[in-house]
Engineer: 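This structure is in structure tokens; I'll ask about it shortly.
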Amino acid sequence: MQQEDTVRLIEDWTKTHGRTRDRLLPLLHMLQEEIGFIDDAAIPAIAKNLNLSRADVHGVVTFYHDFRRAPAGRHVVKFCRAESCQARGAAAMEKAAAERLGVPMGETRPDGQVTLEPIYCLGLCAIGPNALVDGRPVARIDTAALERIAQEIAA
Amino acid sequence: MTRVYISRDMASVALGADDVARAFEAAGCEVVRTGSRGLFSIEPLVEVENEGQRIGFGPVGPADVATVLDGSHKARLGNVADLPFFAGQQRFTFARCGIIDPLSLQDYAEHDGWRGLDAARAMPPQAVVDAVKASGLRGRGGAGFPTGVKWQTVLEAASDAKFIVCNADEGDSGTFADRMLMEGDPFCLIEGMAIAGHAVGAGHGYIYIRSEYPFAIAAMQEAIALSAARIAPFTLEVRVGAGAYVCGEETALLDSIEGKRGQVRAKPPLPALQGLFGQPTVINNVLSLAAVPFILAEGAEAYATIGFGRSRGTMPVQLAGNVKHGGLYEIGFGITLGELVNAIGGGTASGRPVRAVQVGGPLGAYFPPGMFDLPFDYEAFAQAGGLIGHAGITVFDDSVDMAHMARFAMEFCAVESCGKCTPCRIGSTRGVEVMDRIIAARDSAPAVPAERHWEGYLQKALHSRTPDRIDTGLEAQTTLLRDLCDTMKYGSLCALGGFTPYPVLSALDHFPEDFGAPAPIKEAAE
Ligand SMILES: Cc1cc2nc3c(=O)[nH]c(=O)nc-3n(C[C@H](O)[C@H](O)[C@H](O)COP(=O)(O)O)c2cc1C
Ligand code: SF4
Ligand code: FES
């Protein structure tokens with residue numbers, strides 16, 4: 001997306017949704033949804049439209065784990081690392097996932113096809129190991145399930 | 001046309017419920033999507049309606065349509081409510097979950113919905129607050145603070161603008177009751193919040209839902225739109241979190257709604273007096289608010305008669321981790337940990353012996369089976385060096401490495417620390433390093449101990465971070481770990497830094513053999 005399009009997106013959104021400070025998180029969610037990440041270049045426009053300092057906006061963007069500052073891969077696998085999934089063998093599956101998908105945890109594969117990210121609990125704690133694959137919940141991940149995920153991502 | 005009921009809960013969908021629902025639709029059935037009944041070993045569950053009765057089958061796959069419909073499927077369960085897992089429960093808050101269509105106003109009204117709100121609105125606000133006080137309801141988000149007392153403070157605060165905030169950040173591993181309720185009976189939460197609004201004089205409410213719960217976000221947004229007229233003039237909106245665990249802490253949550261970094265505020269002022277946008281604010285967990293319609297509809301007495309000691313009413317307990325029959329089990333306080341894990345949960349899913357359970361999420365203590373006679377009660381758990389928290393129980397089998405779990409607790413704290421205070425922000429990172437040294441020392445063959453001057457080991461361990469100048473031995477590092485936990489416990493502003501020592505020290509105290517120390521002397525085997 002061109003820089004001027006991003007600026008227009010921000011202006012249009014704030015026109016309908018308001019310019020008060022409490023709009024910042026909804027605005028960031030909208031941007032990430034539309035563009036895929038929060039571009040540093042968009043921060044001045046966000047700050048201007050909500051009447052905040054750039055440092056303030058930067059502080060918020062970097063505080064929350066959800067907001068990316070670089071584009072993700074075409075597919076995103078968020079793998080649960082929290083205790084209940086660990087109790088069901090998630091650590092070994094996480095390792096297997098990183099190997100099978102060819103990307104270390106927390107990184108995007110060089111070909112841009114997939115990003116593997118940690119997530120701490122999806123509220124599916126009795127049926128782990130769990131992951132969100134492009135937003136879709138997948139439970140009881142074993143080698144076979146991992147293979148299906150890998151096929152999906154290769155496509 | 002045959003009517004079948006299939007859950008649309010995120011857990012059911014993760015196990016394939018959408019494919020099953022599509023298969024039944026293709027076969028010409030009328031499919032009603034419900035919330036989850038709460039027992040995941042039978043999901044995807046299909047209930048076939050037959051002469052007003054529901055016959056359950058589960059787990060069921062998309063290829064099983066024919067055998068389910070002719071009744072010959074081998075996973076036939078009969079009436080689901082009669083299964084032992086459900087028959088023993090006391091479902092006050094989750095009475096409708098898994099039974100009704102969560103987004104049908106008609107279903108909700110036909111199953112006792114809105115009775116609490118109608119009763120409340122026929123009463124003066126003080127009488128509603130009194131009823132909540134009399135029920136003995138305590139906050140289900142973790143701290144167990146009496147809900148009625150909190151509401152009283154907000155009622156008495158003079159202001160034109162007050163708010164009701166629902167804490168649906170449910171970040172604890174091993175918990176999913178908030179999620180299940182929001183997906184399976186969202187009007188119940190809405191009704192509870194509208195009652196709170198009437199009780200304290202608030203006109204607007206926020207539901208702050210973590211972004212990891214896309215299904216709950218969608219269900220709540222839809223339910224709010226559908227019920228707007230019913231709860232008017234009270235209004236509600238959903239706010240979506242952004243992946244910060246600490247935003248479950250109430251003041252960090254308020255800052256997050258205000259569009260700031262989710263950093264913890266110092267108290268006082270209490271949120272009840274100066275909360276959201278500086279105004280008097282009720283902030284309660286989903287389960288606290290969702291318990292209120294029952295209390296107003298059935299009377300405080302009906303709620304308060306159930307329970308144990310100062311823990312009144314029911315708790316939706318969540319059985320998670322390596323457990324055979326994981327799910328949601330709502331029961332009066334007082335049931336023991338052992339009953340929950342072994343009798344109801346059926347022990348581990350792996351079939352190996354239970355070695356540890358963590359109660360109350362990442363800030364909760366680890367307990368060995370030797371402590372399974374603990375009754376589920378706020379005070380009993382506090383006395384045993386732990387907490388109930390949001391009532392999630394994570395079961396581990398004997399393959400668990402407790403030193404690794406202690407390290408994880410420190411790592412999680414380091415990842416999620418809001419950064420406001422040093423013991424938590426720095427201490428957690430140092431804690432990971434200390435745990436790494438303990439694990440390394442444990443794993444390197446315990447050779448003949450080198451000559452060490454133990455008197456000065458703490459001094460020495462703290463002296464420098466250059467590995468060759470630190471005493472990296474087990475004893476020195478274990479002492480350092482305890483010292484660090486002490487600093488975090490007493491020096492942190494909120495429970496993230498303050499309670500991380502619970503899982504760490506309970507692991508160390510109950511499972512010293514995993515930290516390279518001699519195993520505790522076992523009591524006589526049963
Ligand atoms: C780090 C941290 C995380 C918390 N997470 C949650 C949470 O996810 N949900 C919740 O209801 N309370 C959470 N709490 C507790 C809240 O601060 C607060 O006590 C609660 O929302 C009050 O509601 P209640 O009285 O209904 O329990 C958390 C506290 C801390 C310190
Ligand atoms: S204990 Fe940790 S999370 Fe809590 S206020 Fe201090 S730094 Fe923030
Ligand atoms: S711990 Fe993985 S879903 Fe809760």
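Quick note on labels: first sequence line is chain A, next is B, and so on, each numbered from 1. Please read these numbers as outputs of a predicted model, since none were measured by experiment.
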Engineer: Taking all non-hydrogen atoms of both residues, which atom of I127(A) and which atom of F40(B) are closest, and how far apart?
Structural biologist: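 Smallest interatomic distance, heavy atoms only, reads CG2-CB, 3.7 Å.
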
Engineer: Compare all side-chain heavy atoms of F176(B) with those of C121(A) and state whether any distance is below 4.5 angstrom.
Structural biologist: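 Contact flag for F176(B)/C121(A) side chains = no.
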
Engineer: Can you tell me which residue among D56(A), V61(A), T62(A) is in a side chain to side chain contact (heavy atoms under 4.5 Å, CB included) with R261(B)?
Structural biologist: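 That would be T62(A); it is the only one of D56(A), V61(A), T62(A) passing the side chain to side chain contact (heavy atoms under 4.5 Å, CB included) with R261(B).
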
Engineer: Looking at every heavy atom in both V13(B) and P137(A), which two are closest together, and how far apart are they?
Structural biologist: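 Result for this residue pair: CG1-CG, 4.4 Å.
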
Engineer: Measuring heavy-atom distances to chain A, does E183(B) have an atom under 4.5 Å in its side chain, in its backbone, in both, or in neither?
Structural biologist: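 For E183(B), there is no contact with chain A at all, as no heavy atom is under 4.5 Å.
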
Engineer: Using the side-chain contact (heavy atoms from CB on, under 4.5 Å) rule, take F277(B) and T20(A) through it: C-alpha gap first, then chi angles, then the decisive distance, then the call.
Structural biologist: CA-CA 12 Å; F277(B) 306 117; T20(A) 47; over 6 Å; no

Engineer: How close do Y213(B) and L122(A) get, heavy atom to heavy atom, and via which atoms?
Structural biologist: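 The answer is CE1-O, 3.4 Å.
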
Engineer: Could you check whether atom CD of E4(A) has more than 12 heavy atoms from other residues, nucleotides or ligands sitting under 6.0 Å from it?
Structural biologist: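 Yes, enclosed.
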
Engineer: Which distance, rounded to the nearest 0.5 Å, do you find between the CG of L24(A) and the CD1 of I257(B)?
Structural biologist: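 Reported to 0.5 Å precision, the distance equals 13.5 Å.
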
Engineer: Would the number of heavy atoms belonging to other residues, nucleotides or ligands and lying under 6.0 Å from CG of D142(A) be above 12?
Structural biologist: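 Yes - once you tally the heavy atoms of other residues, nucleotides and ligands closer than 6.0 Å, there are more than 12.
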
Engineer: How far does CE of M10(B) sit from CG of L132(A), to the nearest 0.5 angstrom?
Structural biologist: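 The CG atom of L132(A) is 5.0 Å from CE of M10(B), to the nearest 0.5 Å.
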
Engineer: How long is the straight-line distance from CD of E212(B) back to NZ of K78(A), given to the nearest 0.5 Å?
Structural biologist: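 Those atoms lie 7.5 Å apart.
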
Engineer: How many angstroms lie between CG in D22(A) and CG in L276(B), if you round to the nearest 0.5 Å?
Structural biologist: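 Rounded to the nearest 0.5 Å, the CG-CG separation comes to 8.0 Å.
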
Engineer: For M405(B), is it the side chain, the backbone, both, or neither that has a heavy atom closer than 4.5 Å to a heavy atom of chain A?
Structural biologist: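 Looking at M405(B), just its side chain touches chain A.
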
Engineer: Name the option with the most non-hydrogen atom pairs under 4.5 Å to chain A; the candidates are P214(B), G326(B), P362(B).
Structural biologist: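 If we count pairs closer than 4.5 Å to chain A, P362(B) comes out on top.
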
Engineer: Most heavy-atom pairs under 4.5 angstrom with chain B, which of P26(A), A126(A), A91(A), A90(A)?
Structural biologist: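 The candidate making the most pairs under 4.5 Å is A126(A).
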
Engineer: Do you know which two heavy atoms are closest between Y64(A) and A242(B), and how far apart they sit?
Structural biologist: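 Scanning both residues completely, I find the closest heavy atoms to be CB-O, 3.4 Å.
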
Engineer: Check for a donor-acceptor pair, side chain of H65(A) on one end and backbone N or O of Y245(B) on the other, with a separation under 3.5 Å.
Structural biologist: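 Checked: no pair found.
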
Engineer: Please report the shortest heavy-atom distance between Y366(B) and E83(A), naming the atom on each side.
Structural biologist: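 Where Y366(B) meets E83(A) most closely, the heavy atoms are OH-CG, 3.9 Å.
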
Engineer: Let's test your reading of the structure: which of G327(B), A349(B), S256(B) forms the most heavy-atom pairs below 4.5 Å with chain A?
Structural biologist: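 Of G327(B), A349(B), S256(B), S256(B) has the most heavy-atom pairs under 4.5 Å with chain A.
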
Engineer: Between R21(A) and chain B, with a heavy-atom cut-off of 4.5 Å, which part of the residue counts as in contact: side chain, backbone, both or neither?
Structural biologist: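 Both parts, backbone and side chain.
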
Engineer: Flag the one option from S350(B), G241(B), P503(B) with the top tally of heavy-atom pairs under 4.5 Å to chain A.
Structural biologist: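 Among the listed options, the one with the most contacts to chain A is G241(B).
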
Engineer: Can you tell me which portion of C418(B) sits under 4.5 Å from chain A's heavy atoms? Options are side chain, backbone, both or neither.
Structural biologist: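 Both backbone and side chain of C418(B) come within 4.5 Å of chain A.
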
Engineer: Which atom names give the shortest non-hydrogen contact between A87(A) and V395(B), and what distance separates them?
Structural biologist: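 In terms of heavy atoms, the two residues are closest at CB-O, 3.2 Å.
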
Engineer: Rounded at 0.5 Å granularity, tell me how far NE2 in H29(A) sits from OG in S211(B).
Structural biologist: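 That separation rounds to 5.5 Å.
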
Engineer: With no hydrogens and no angle check, is any side-chain donor or acceptor of R88(A) less than 3.5 Å from a backbone partner on N322(B)?
Structural biologist: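 Not a single qualifying donor-acceptor pair exists.
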
Engineer: Would you check if the side chain of S173(B) reaches a backbone N or O of S84(A) as a donor-acceptor pair within less than 3.5 Å?
Structural biologist: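 Side chain of S173(B) to backbone of S84(A): a pair is present.
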
Engineer: Got a second to check how far C125(A)'s SG is from I393(B)'s CD1, nearest 0.5 Å?
Structural biologist: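 Interatomic distance, C125(A) SG to I393(B) CD1, rounded to 0.5 Å: 12.5 Å.
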
Engineer: In terms of heavy-atom proximity below 4.5 Å to chain B, should R81(A) be classed as side chain, backbone, both, or neither?
Structural biologist: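 R81(A) touches chain B through backbone and side-chain heavy atoms alike.
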
Engineer: Identify which of D172(B), D178(B), V240(B), D9(B) forms the greatest number of heavy-atom pairs closer than 4.5 Å to chain A.
Structural biologist: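 Heavy-atom pair counts peak at V240(B).
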
Engineer: Count the heavy-atom pairs under 4.5 Å between each of E170(B), R239(B), E416(B), H325(B) and chain A, then report the option with the highest count.
Structural biologist: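 When all of E170(B), R239(B), E416(B), H325(B) are compared, R239(B) has the most.
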
Engineer: Hey, can you tell me if Y120(A) and F412(B) have their rings parallel, tilted or perpendicular (30° and 60° cut-offs)?
Structural biologist: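 Judged by the thresholds at 30° and 60°, the geometry between Y120(A) and F412(B) is perpendicular.
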
Engineer: Which bit of I119(A) is near chain B, if near means a heavy-atom gap under 4.5 Å: side chain, backbone, both or neither?
Structural biologist: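 Only the side chain of I119(A) comes within 4.5 Å of chain B.
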
Engineer: For the candidates G174(B), A244(B), A356(B), which exhibits the highest count of non-hydrogen atom pairs separated by less than 4.5 Å from chain A?
Structural biologist: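 Looking at each option in turn, the highest pair count goes to G174(B).
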
Engineer: Is it the case that atom CZ in R352(B) sees more than 12 heavy atoms from other parts of the structure closer than 6.0 Å?
Structural biologist: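 Atom CZ in R352(B) is crowded, with more than 12 foreign heavy atoms closer than 6.0 Å.
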
